[in-house]
Amino acid sequence: MTPYKEYDISSSRLRNKTLFSFLIFVVLIVLAILSWRWLRHEPKEFGAIKPIRKVLNYNEDVFNKFFSNNHLAKPFPLSAAVKKVRVNGNVGMSNNFDPSTWKLKVIKSPGDTLFVTLDEIKTLPKTEIIFDFKCIEGWSQVTHWAGVKFSDFASRYGLNEEVEKKYAGLITPDKGYYVGIDMPSMLHPQTILCYEMNGKPLPMNQGYPLRLIIPVKYGIKHLKRIGSISFSNERPPDYWYEQGYDYYSGL
Ligand SMILES: Nc1nc2c(c(=O)[nH]1)N[C@H]1C(S)=C(S)[C@@H](COP(=O)(O)O)O[C@H]1N2
Ligand SMILES: [Mo]
């Protein structure tokens with residue numbers, strides 16, 4: 001065993017070191033208080049104070065640079081899908097909704113709107129997806145959905161110019177809930193206009209007749225009960241973005 005070498009620190013040196021550490025501690029506390037006060041008084045932009053919004057926007061740029069349509073959300077076996085799917089959030093799902101008159105409104109440009117029925121949508125190739133659905137509240141569950149890929153829908157209805165735009169905006173029929181989605185995510189091969197859950201028509205509270213399932217995003221973007229879809233180069237309004245959440249909300 002090698003014996004410890006003993007250091008002899010004089011008490012005055014020890015006192016200096018303690019004082020120095022304490023000084024740094026005080027400086028850091030003062031800096032923290034000052035930056036908190038500065039942050040608090042910065043104006044808000046879409047629900048988040050400006051400097052924080054800047055960081056969120058920067059994150060979006062980074063995401064966009066690395067995002068690729070070859071990057072797939074992990075698929076799960078059917079046996080992993082839960083039978084009892086959680087119902088979360090009913091904004092924009094008012095009771096006076098009449099499913100018998102529902103048609104999907106595709107707003108190509110002002111004055112040029114397509115109306116598509118559920119039966120017409122069901123004639124397109126059906127895509128199934130089983131994935132881990134993640135909510136920003138901190139829960140997730142493996143769930144099973146089916147519908148038509150948005151990219152298939154777009155080619156079937158000749159939305160060529162529309163998908164050249166930067167964003168799609170989806171709104172519930174009562175306009176209470178709305179999301180904006182960047183076009184690369186909208187055209188992602190796992191993004192579907194969904195009409196089935198666990199092999200059956202979507203339940204009313206899960207978005208009957210049609211909802212968005214977009215596995216590359218958090219739950220907030222999976223709008224239930226689509227009324228209309230529109231296209232733009234500017235960011236469409238987004239319900240949770242206005243409450244201060246990240247616009248992109250990618251996974
Ligand atoms: N119309 C509408 N769609 C919505 C919401 C909502 O409140 N209204 N909540 C979102 C959130 S936060 C989540 S996590 C998912 C939940 O989907 P589920 O109820 O089918 O589990 O729906 C999303 N779509
Ligand atoms: Mo959520």
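When a ligand or atom number is given, it counts from 1 through the structure's own listing order.
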Nitrogen or oxygen atoms of W240 and ligand 1 under 3.5 Å apart: no

If you measure every N or O of T172 against every N or O of ligand 1, does any of those distances drop under 3.5 Å? no

If we number the atoms of ligand 1 from 1 as shown, the ones under 4.0 Å from a heavy atom of Q206 are 18 (P), 20 (O), 21 (O)

Ligand 1 contact on N90 by region, counting heavy-atom pairs under 4.0 Å: backbone

Side chain proximity check, L251 to Y218, heavy atoms < 4.5 angstrom: yes

Would you call K126-D152 a salt bridge at under 4.0 Å N-O? no

cation_pi(K108, Y157) dist<6.0 Å, angle<=45: no

For W145 and ligand 1, does the shortest N/O to N/O distance drop below 3.5 Å? no

Is K149 close enough and on-axis enough to F153, meaning under 6.0 Å and within 45°, for cation-pi? no

So for K221 against ligand 1, with non-hydrogen atoms under 4.0 Å, the contacting part is neither

Could you tell me whether K74 atom NZ has more than 12 heavy atoms of other residues or ligands within 6.0 Å of it? no

Which is it for V91 and ligand 1 at heavy atoms under 4.0 Å: side chain, backbone, both or neither? both

May I ask you to decide if the ring planes of Y247 and Y167 are parallel, tilted or perpendicular, using 30° and 60° as cut-offs? perpendicular

R53 charged N/C atom sitting above F46 aromatic ring, 6.0 Å / 45°: no

Answer yes if the ring centres of H188 and F150 are under 6.0 angstrom apart, and no otherwise. no

Note the single closest protein heavy atom to atom 5 (C) of ligand 1, along with its residue, its atom name and the distance in Å. Y177 CZ, 3.6 Å

Ring geometry between H222 and F133 (parallel below 30°, tilted from 30 to 60°, perpendicular above 60°): tilted

So is R225 close enough to ligand 1, meaning a heavy atom under 4.0 angstrom away? no

Evaluation steps, side chain to side chain donor-acceptor pair (under 3.5 Å), between S100 and W102: CA-CA 6 Å; S100 68; W102 178 91; over 6 Å; no

Identity and distance of the protein heavy atom lying nearest atom 3 (N) of ligand 1: K224 N, 3.0 Å

Is the closest heavy-atom distance from Y218 to ligand 1 below 4.0 Å? no

Identify the heavy atoms of L212 and K221 that sit nearest to each other, and give their distance. CD2-O, 3.5 Å

In the protein, what heavy atom is nearest to atom 12 (S) of ligand 1, and what distance, to one decimal place, separates them? I220 CG2, 3.6 Å

At a 4.0 Å threshold, what atoms of ligand 1 neighbour a non-hydrogen atom of R86? 18 (P), 19 (O), 20 (O), 21 (O)

Per-atom contacts of ligand 1 with M93, taking only distances under 4.0 Å to non-hydrogen atoms: 1 (N)

Below the 3.5 angstrom mark, is there an N/O of N88, backbone or side chain, next to an N/O of ligand 1? yes

Which of the numbered atoms in ligand 1 are under 4.0 angstrom from any heavy atom belonging to V87? 19 (O)

Look at atom 13 (C) of ligand 1 and find which of C135, S140, G219 reaches it with the closest heavy atom. G219

Any N/O pair N205/ligand 1 closer than 3.5 Å: no

Close approach, R211 and ligand 1, non-hydrogen under 4.0 angstrom: yes

Taking 4.0 Å as the limit for heavy-atom contacts, which would you say applies to H222 with ligand 1: side chain only, backbone only, both, or neither? backbone

Do R225 and Y208 meet the cation-pi criteria used here (NZ or CZ under 6.0 Å from the six-membered ring centre, within 45° of the axis)? no

